[in-house]
Amino acid sequence: MATIFNHFYENKNAFLNPCDVIEKISGFPEVCITTFSESIIKDYVENNTTKVIANLYSANGTIPVYEIKYADKKMGLFLSRVGAPACVAGLEEIIALGAKKVILFGCCGILNQSVADGKIIVPSSAVRDEGTSYHYCSGSEEISAEDSSTNIAVRCLQQHGIPYVVGKVWTTDAIYRETPKIIEERKKQGCIAVEMECSASLAVAKFRNIPIIQFFYGADNLDSDKWEIRDLTDYGLSFSDKYMTISLECGITF
């Protein structure tokens, strides 16, 4: 595995490139918002004026890309598939369509309840416990978020009086292999939350020179003797207006 992860090829011209299968759309929104919750997307589309401007295709089905407007600014909105490879494929295709900035949000598991519980989590860095990011930047244990993007999220949260914390997260490919020993190791590294896409999303954004803002809301709790599901299966719907407002407010200042 070390042989694979330690051999990064910087050549941006791959055998198959996003532009080979995606045609750029004139006038495509520069800022695109994406989340992993289909419920949040449906709720927003049902209660706001939107129009479909593109589609992302895979064997899993078709994902519509919506054009939305907030504070007179045109933005894109689409669903990201769960897991680093699928998420990054979607980001690659959105960038190929014409997106120049991305805002991504979703749920996470809490690893440090005293620090992160009840707060919006803005990742400052992510532990790269997934495979996708190693195809976009050289091997390292962690990858950092850009300060400029993090600062936009922080200013937005401060302006609206929303509790938040900035900290390190753990990106993993294997939700059913978060063993007690590994959880303790990640907590000792300073990780306050665990999710599945952050480090890979940061890597593709750096590789494509596209700024990305990410934030997470806590769902299940791993900082306890037994796993606490909490509102994990709510998929963010109870507070969808709050999460969408954060992303939209970030979008108009991005």
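Keep in mind that what you see is a predicted model, and the values were worked out from it rather than measured.
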Do any side-chain atoms of residues 65-74 form donor-acceptor pairs under 3.5 angstrom with protein atoms, and if so which ones, sequence neighbours left out?
residue : atom : partner : partner atom : Å
Y70     : OH   : E249    : OE2          : 2.5
K73     : NZ   : G251    : O            : 2.7
K74     : NZ   : G27     : O            : 2.7

Contacts under 3.5 angstrom, residues 93-111 side chains, donor-acceptor by atom type, not counting sequence neighbours:
residue : atom : partner : partner atom : Å
K101    : NZ   : F254    : O            : 3.0

Worksheet, complete the sentence: Value for CD1 (I192) from NZ (K119), rounded to nearest 0.5 Å, stands at 8.5 Å
Worksheet item: Is a salt bridge present between E184 and K187, judged by a nitrogen-to-oxygen distance below 4.0 Å?
Response: yes
Worksheet entry | Within 6.0 Å of CG in N60, more than 12 heavy atoms from elsewhere | yes
Worksheet item: Any chance NZ of K24 has more than 12 other-residue heavy atoms, nucleotides or ligands included, within less than 6.0 Å?
Response: no
Practice prompt. Evaluate whether atom CZ of F239 has more than 12 neighbouring non-hydrogen atoms of other residues, nucleotides or ligands under 6.0 angstrom away.
Written response: no
Discussion item. In the structure I gave you, are the side-chain heavy atoms of W170 and I183 within less than 4.5 Å of one another anywhere?
Written reply: yes
Fill in: Separation between CD of E30 and CD1 of I210, rounded to the nearest 0.5 Å
9.5 Å
Discussion item. Using 0.5 Å steps for rounding, measure from the CG atom of L222 to the CD1 atom of I182.
Written reply: 12.0 Å
Discussion item. Is it the case that the side chains of D147 and S149 hold a donor-acceptor pair, with the cut-off being a distance below 3.5 Å and no angle test?
Written reply: no
Worksheet item: Are the side chain of E130 and the backbone N or O of T132 linked by a donor-acceptor pair below 3.5 Å?
Response: yes
Worksheet item: So, does N17 use its side chain to make a donor-acceptor pair with the main chain of N13 at under 3.5 Å?
Response: no
Discussion item. Whether the R128 and S140 side chains hold a donor-acceptor pair (N or O, under 3.5 Å, no angle test) is what I'd like checked.
Written reply: yes
Discussion item. I'd like to check I33 versus L248 (side-chain heavy atoms, cut-off strictly below 4.5 Å). Are they in contact?
Written reply: yes
Practice prompt. Start with the C-alpha gap between I121 and F215, add the side-chain angles, then the distance that decides, and say whether side chain to side chain contact (heavy atoms under 4.5 Å, CB included) holds.
Written response: CA-CA 6 Å; I121 297 166; F215 68 87; over 6 Å; no
Discussion item. Can you tell me how far apart CG (L79) and OG1 (T62) are? Round to the nearest 0.5 Å.
Written reply: 12.0 Å
Fill in: Close side-chain approach of E178 and T172, heavy atoms under 4.5 Å
yes
Worksheet entry | Side-chain donor-acceptor pair present, E92, Y136, cut-off under 3.5 Å | yes
Worksheet item: Between D223 and Q113, is there a donor-acceptor pair closer than 3.5 Å when you use the side chain of the first and the backbone of the second?
Response: yes
Worksheet item: Is the closest side-chain donor-acceptor distance between S133 and S199 under 3.5 Å?
Response: no
Discussion item. Distance alone, cut at 3.5 Å: any donor-acceptor contact between the side chains of R186 and Q189?
Written reply: yes
Item to complete: State, to 0.1 Å, how close D173 and G131 come at their nearest heavy-atom pair, and which atoms those are.
Response: OD2-N, 3.1 Å
Discussion item. Is it true that, when you exclude E10 itself, more than 12 heavy atoms of the residues, nucleotides or ligands shown sit nearer than 6.0 Å to its CD?
Written reply: no
Worksheet item: Looking only at atom types and distance, does a side-chain atom of E195 sit under 3.5 Å from a main-chain N or O of E197, one as donor and one as acceptor?
Response: yes
Discussion item. Ignoring hydrogens and geometry beyond distance, is a side-chain donor-acceptor pair present between N221 and W227 at under 3.5 Å?
Written reply: no
Discussion item. For a 4.5 angstrom cut-off between non-hydrogen side-chain atoms, does P123 reach F216?
Written reply: yes
Worksheet item: CD of E38 to CD1 of I63: how many Å apart, nearest 0.5 Å?
Response: 8.5 Å
Item to complete: Please examine the side chains of M75 and S247, heavy atoms only from C-beta on, and report whether any two atoms are closer than 4.5 Å.
Response: no
Worksheet item: Just wondering, do I143 and C137 contact through their side chains at under 4.5 Å, heavy atoms?
Response: yes
Discussion item. How close do C156 and I246 get, counting heavy atoms only, and between which atoms?
Written reply: SG-O, 3.7 Å
Item to complete: Please check if the side chain of N112 supplies one atom and the backbone of V115 the other of a donor-acceptor pair under 3.5 Å.
Response: yes
Practice prompt. With rounding to the nearest 0.5 Å, note down the distance linking CG in D220 to CD1 in I175.
Written response: 9.0 Å
Worksheet item: Below 4.5 Å, heavy atoms only, C-beta onward: do Y217 and Y243 meet side chain to side chain?
Response: yes
Discussion item. For D43 and S240, which I'm curious about, is there any donor-acceptor pair between the side chains at under 3.5 Å?
Written reply: yes
Discussion item. Ignoring hydrogens, what is the shortest heavy-atom contact between T150 and A145? Give both atom names and the distance.
Written reply: OG1-CB, 3.7 Å
Worksheet entry | Non-hydrogen side-chain atoms of R177 and T179 separated by less than 4.5 Å | yes
